[in-house]
Amino acid sequence: MWRVRSGQQLLHRCWGHECVLYNNLSGSTHLLDPATIDLLACLAEQAMSPAALVDEGYAEAGDIGALLRDLELLHLIEPLPC
């Protein structure tokens, strides 16, 4: 299960197929696509498993693991403790 990091505000602006997201916890900005912004918004509402994110259409099964790891490395999401 994954969730958006506590305190993350997901401040962003989108122009066409590009979005800029400001990480208020680290001060970094990130260039993302709108689909990734949608995934982050979903994880801000509720924690979800990779399989559930795929079922909801947020990513392809072969891509979800790498996408979640990348977002974790950017300090945007975190796994829920077991």
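All values below come from the heavy atoms of this structure, side chains included, with hydrogens, waters and symmetry mates left out.
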Quiz item: Is there side-chain contact between L39 and L71, with heavy atoms separated by less than 4.5 Å?
Solution: yes

Practice problem: Provide the closest heavy-atom pair for L10 versus A44 in the form atom of the first, atom of the second, distance. | Solution: CD1-CB, 3.8 Å

Practice problem: Over all heavy atoms of both residues, which pair between A59 and L67 is shortest? Give the atoms and the distance, please. | Solution: CB-CD2, 4.2 Å

Quiz item: Just wondering, are more than 12 heavy atoms of other shown residues or ligands nearer than 6.0 Å to CD in E18?
Solution: no

Practice problem: Tell me whether L31 is reachable from W15 by hopping between hydrophobic residues (I, L, V, M, F, W, Y) whose side-chain heavy atoms are closer than 4.5 Å. | Solution: yes

Quiz prompt | Atom pair CG/OG1 of D70 and T36 - distance to nearest 0.5 Å | solution = 9.0 Å

Quiz item: Heavy atoms, side chains only, cut-off 4.5 Å: are L76 and L40 in contact?
Solution: yes

Quiz item: Listed by chain and number, what are the side chain to side chain contact (heavy atoms under 4.5 Å, CB included) partners of N24, not counting sequence neighbours?
Solution: Q8, Q9, Y22

Quiz item: Excluding sequence neighbours, so at least two apart, what forms salt bridge (Lys or Arg N to Asp or Glu O under 4.0 Å) with E78?
Solution: R3, R5

Quiz item: Partners of P34 by side chain to side chain contact (heavy atoms under 4.5 Å, CB included), sequence neighbours excluded?
Solution: C19

Exercise. Verify side-chain contact (heavy atoms from CB on, under 4.5 Å) between M48 and C42, making sure each step is shown before the conclusion.
Key: CA-CA 8 Å; M48 294 183 77; C42 175; 3.0 Å; yes

Quiz item: Roughly how far, to the nearest 0.5 Å, is the CD1 atom of I37 from the NE2 atom of H12?
Solution: 5.0 Å

Quiz item: Taking atom CZ of R13 and atom CG of L21, what is their separation to the nearest 0.5 Å?
Solution: 11.5 Å

Quiz item: Could you give the distance from CH2 (W2) to CG (L68), rounded to the nearest 0.5 Å?
Solution: 5.5 Å

Quiz item: Atom CG in D38, atom CG in L53: separation rounded to 0.5 Å?
Solution: 12.0 Å

